[in-house]
Student: 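The structure follows.
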There are 2 protein chains.
Amino acid sequence: MADLASPLALMVRKLEIHTPLQPDDREALLSLPHTLKTYEPSAYLVREGEAPEQCAVLLSGFAFRQKLTGQGMRQIVSMHIPGDALDFQHLFLDIADHNVQTLTRADVATIPRTALRNLARSRSAIGNAIFVSTLVEGSISREWVLNVGRRDARSRLAHLLCEFAVRLDVLGLAGDQGYELPMSQEQLADALGLTAVHVNRTIKSLEADGLITRNRRRISFPRWDALRDLADFSTRYLHLEHAR
Amino acid sequence: MADLASPLALMVRKLEIHTPLQPDDREALLSLPHTLKTYEPSAYLVREGEAPEQCAVLLSGFAFRQKLTGQGMRQIVSMHIPGDALDFQHLFLDIADHNVQTLTRADVATIPRTALRNLARSRSAIGNAIFVSTLVEGSISREWVLNVGRRDARSRLAHLLCEFAVRLDVLGLAGDQGYELPMSQEQLADALGLTAVHVNRTIKSLEADGLITRNRRRISFPRWDALRDLADFSTRYLHLEHAR
DNA sequence: CGTTTAATTGAAAGCAGTCAAACTATGTGG
DNA sequence: CCACATAGTTTGACTGCTTTCAATTAAACG
């Protein structure tokens with residue numbers, strides 16, 4: 001399809017999962033001015049305290065949002081996959097309240113904040129789509145509070161794996177054979193509020209129970225239903241009711 | 001001031017903390033159709049899985065958002081104070097992904113979803129204000145993930161107390177002598193990802209260190225700076241840069 | 001007052017953290 | 001192709017924060 005010609009096509013497709021767009025809206029998004037850049041793993045895209053003038057969109061690779069405590073402990077507060085916009089926040093908030101980093105090498109499109117903001121204002125369907133996308137991120141964040149606050153290590157890890165699997169699958173980025181989990185065990189620990197050592201033990205425990213299989217960082221799910229049950233995972237909070 | 005004549009005045013004031021509004025926008029908000037109702041403590045305002053047709057605004061009293069695990073453990077994912085709108089989510093998402101409950105007896109104004117949505121669409125300043133308000137809630141949610149994921153019980157509790165104090169103070173609802181904390185220790189536990197027993201011990205530990213003083217549920221802060229330091233608390237994530 | 005709910009305390013158990021070391025994979029330069 | 005460096009994974013032993021279970025005390029309520 002012609003859409004795939006534009007680097008922003010995946011972002012548009014992702015927005016349309018929650019909010020259908022008319023062809024002219026789609027066109028307007030696809031023809032937003034933008035520059036392309038490839039970042040190395042762990043590169044900072046946004047730093048807490050700064051005032052981003054650009055809106056970064058992830059085209060390939062993975063990224064995450066992260067906050068640090070005063071003593072330097074890190075908490076990853078969300079994960080991002082290709083197609084995710086990483087800066088919708090900063091269309092309307094000036095100062096970044098968290099850091100955004102690449103997880104892997106990543107291709108990123110950078111859109112001037114004002115161009116996107118004007119588009120959101122002039123075309124209400126686009127404004128809606130951006131708003132809804134932000135709301136879904138908020139819902140995911142609430143689920144993370146629940147996950148970190150009330151589930152034990154096994155369920156917590158299983159939940160993260162399920163979320164990742166479903167989010168990738170919705171965009172057709174997960175194979176039938178599971179997916180390549182791009183996170184080190186230390187990064188998993190920071191996302192789960194655990195230590196790397198305990199993540200290691202927890203992974204091996206899931207593996208021992210036959211709930212996951214690993215080969216390098218490729219993970220597959222021989223007993224998806226059992227993993228979903230252990231994770232206490234439901235897709236409701238992802239708001240996929242209009243997907244497909 | 002005349003504004004205070006409308007029950008929605010506090011909500012408007014709260015929106016204006018982040019987004020200044022013109023008089024006509026303010027008028028439009030204040031004259032939104034709405035009904036008033038008083039709820040008892042623990043009353044459900046929104047239930048997960050339902051499709052709210054109304055937008056609830058808290059006029060007096062307190063409320064919280066909450067999710068349950070499959071095994072019935074509860075996690076409070078956000079706290080709400082007078083002036084907070086509890087349903088901006090549902091202007092654009094159909095299905096509720098969490099529960100909303102009153103904490104105390106509370107006066108609530110209920111605005112038809114469509115009326116508010118139309119206003120948000122027709123007046124871009126109001127749409128902005130609602131968006132920004134949602135973004136700030138997202139920021140608070142990220143801070144909660146950090147709080148629950150990476151701080152120990154003492155800092156975690158201290159952080160919650162600091163957040164509450166500042167949010168109340170911004171609206172002029174906290175006295176110099178601290179404030180009436182409307183939560184039971186069990187509710188605190190559910191907000192912090194701890195057990196009620198441990199919350200009790202942690203409160204007493206802060207008290208023993210002279211960081212807080214209690215009288216019934218009234219809490220005051222004789223050594224605010226020390227508490228803030230222990231809590232690792234900064235107001236940045238509340239995005240109050242335009243307040244006052 | 002009697003009843004119920006919330007707060008408090010003690011003792012014991014457990015999940016996860018800490019510390020330290022060994023092992024594996026990957027990559028680089030000679 | 002091997003020696004070496006680096007980053008990530010794995011394992012063991014021990015510690016400790018938080019939970020669990022149970023019982024007591026205090027406060028709130030009709």
Side-chain angles (χ1 to χ4, degrees), chain A residues 40-43 62 69 71-76 101-105 147-160 180-209 212-219 230, chain B residues 40-42 62 69 71-76 101-105 147-161 180-209 212-219 230:
Chain A
E40 292 304 308
S42 295
F62 297 88
T69 66
Q71 302 98 69
M73 310 198 77
R74 185 173 71 165
Q75 177 69 44
I76 292 177
Q101 275 182 282
T102 55
L103 193 55
T104 60
R105 171 182 272 264
N147 200 39
V148 172
R150 285 297 184 218
R151 287 198 265 257
D152 68 14
R154 279 166 53 95
S155 298
R156 216 184 285 181
L157 172 58
H159 195 281
L160 182 83
E180 189 85 15
L181 184 69
M183 307 170 77
S184 72
Q185 293 180 5
E186 183 151 11
Q187 289 162 338
L188 280 170
D190 285 337
L192 297 171
L194 299 168
T195 58
V197 170
H198 199 61
V199 163
N200 181 272
R201 295 186 169 123
T202 307
I203 290 177
K204 297 192 86 71
S205 156
L206 294 184
E207 208 174 7
D209 290 355
I212 61 173
T213 318
R214 287 187 302 160
N215 192 329
R216 293 276 182 287
R217 284 199 182 155
R218 178 153 212 97
I219 295 206
L230 171 67
Chain B
E40 292 304 308
S42 295
F62 297 88
T69 66
Q71 302 96 70
M73 312 198 75
R74 184 173 72 164
Q75 177 69 44
I76 292 178
Q101 275 182 282
T102 55
L103 194 53
T104 60
R105 171 183 272 263
N147 201 38
V148 172
R150 284 299 185 216
R151 287 199 263 257
D152 68 14
R154 278 167 54 95
S155 298
R156 216 185 283 181
L157 172 58
H159 194 280
L160 182 82
L161 296 176
E180 188 86 14
L181 185 69
M183 307 171 75
S184 71
Q185 293 181 5
E186 182 150 11
Q187 289 163 338
L188 280 170
D190 285 337
L192 296 171
L194 299 167
T195 59
V197 170
H198 199 60
V199 164
N200 181 274
R201 297 194 228 270
T202 306
I203 289 177
K204 299 193 84 74
S205 156
L206 294 184
E207 208 174 7
D209 289 354
I212 61 173
T213 318
R214 287 187 301 159
N215 192 329
R216 294 278 182 285
R217 284 198 182 160
R218 179 155 210 94
I219 296 207
L230 172 67

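Letters A, B, ... mirror the listed sequences (proteins, then strands); counts begin at 1.
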Student: Can you give me the closest heavy-atom contact between A189(A) and A196(A), atom names plus distance?
Tutor: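 Between these two residues, the closest heavy atoms are CB-N, 3.4 Å.
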Student: Under a 4.5 Å cut-off applied to non-hydrogen side-chain atoms, are R150(B) and D190(A) in contact?
Tutor: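 Side chain of R150(B) against side chain of D190(A), heavy atoms only: contact under 4.5 Å found.
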Student: For a quick check of understanding: with a heavy-atom distance under 4.0 Å over all strands, which category does R156(B) fall into, base, sugar-phosphate or nothing?
Tutor: nothing
Student: Between dG8(D) and R216(A), counting only base atoms on the nucleotide and side-chain atoms on the residue, is there a donor-acceptor pair under 3.5 Å?
Tutor: no
Student: Taking the side chain of L194(A) as its heavy atoms from C-beta onward, which of dT18(C), dT19(D), dA16(C) lies nearest to it?
Tutor: dA16(C)
Student: By nearest nucleotide on DNA chain C, pick out whichever of M73(A) and E186(B) is the more 5' one.
Tutor: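 Result: E186(B).
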Student: Closer than 4.0 Å, any side-chain N/O of N200(B) to the OP1 or OP2 of dT8(C)?
Tutor: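 Yes, such a contact exists.
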Student: Where the side chain of A153(B) is defined as all heavy atoms beyond and including C-beta, which of dT18(D), dA6(C), dA16(C) is the nearest nucleotide?
Tutor: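 When the side chain of A153(B) is considered, dT18(D) is the closest of dT18(D), dA6(C), dA16(C).
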Student: Would you mind reading off the distance between R150(B) atom CZ and dA16(C) atom C1', rounded to a whole angstrom?
Tutor: 11 Å
Student: Taking only the side-chain heavy atoms of R201(A) (C-beta and beyond), determine which of dA7(C), dT11(D), dC21(D) contains the nearest atom.
Tutor: dT11(D)
Student: Would you mind reading off the distance between L188(A) atom CG and dG8(D) atom P, rounded to a whole angstrom?
Tutor: 12 Å
Student: Between dT19(D) atom P and L192(B) atom CG, what is the distance in whole Å?
Tutor: 10 Å
Student: Nearest nucleotide by nearest heavy atom, which residue falls closer to the 5' end of DNA chain D, R217(A) or K204(A)?
Tutor: R217(A)
Student: Across the strands shown, which category fits I203(B) at heavy-atom distances under 4.0 angstrom: base, sugar-phosphate, nothing?
Tutor: nothing
Student: Between Q101(B) (side chain only) and S42(B) (backbone N and O only), is there a donor and an acceptor less than 3.5 Å apart?
Tutor: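 Yes; at least one donor-acceptor contact below 3.5 Å.
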Student: Could you tell me the separation between the NE2 atom of H198(A) and the P atom of dG14(C), rounded to a whole number of Å?
Tutor: 15 Å
Student: In whole angstrom, give the distance that lies between atom CD1 of I219(B) and atom P of dA7(C).
Tutor: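 Answer to the nearest Å: 11 Å.
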Student: Measure CG/L181(B) against P/dA6(C) and give the value in whole Å, please.
Tutor: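 Nearest whole value for this atom pair: 14 Å.
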Student: Between N215(B) (CG) and dA27(D) (P), how many Å, whole number?
Tutor: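 Between P of dA27(D) and CG of N215(B): 10 Å.
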Student: Given I203(A), which of V199(A), L206(A), N200(A) fulfils the side chain to side chain contact (heavy atoms under 4.5 Å, CB included) condition?
Tutor: V199(A)
Student: When you measure from the side-chain N and O atoms of R214(A) to the phosphate of dT10(D), is any distance below 4.0 Å, counting only OP1 and OP2?
Tutor: yes
Student: When the distance from CG of D190(A) to P of dG8(D) is rounded to whole Å, what number comes out?
Tutor: 12 Å
Student: Mind checking whether L192(A) and T202(A) have side chains closer than 4.5 Å, heavy atoms only?
Tutor: no
Student: Both A196(A) and T202(B) contact DNA chain D. Which one's nearest nucleotide lies toward the 5' end?
Tutor: A196(A)
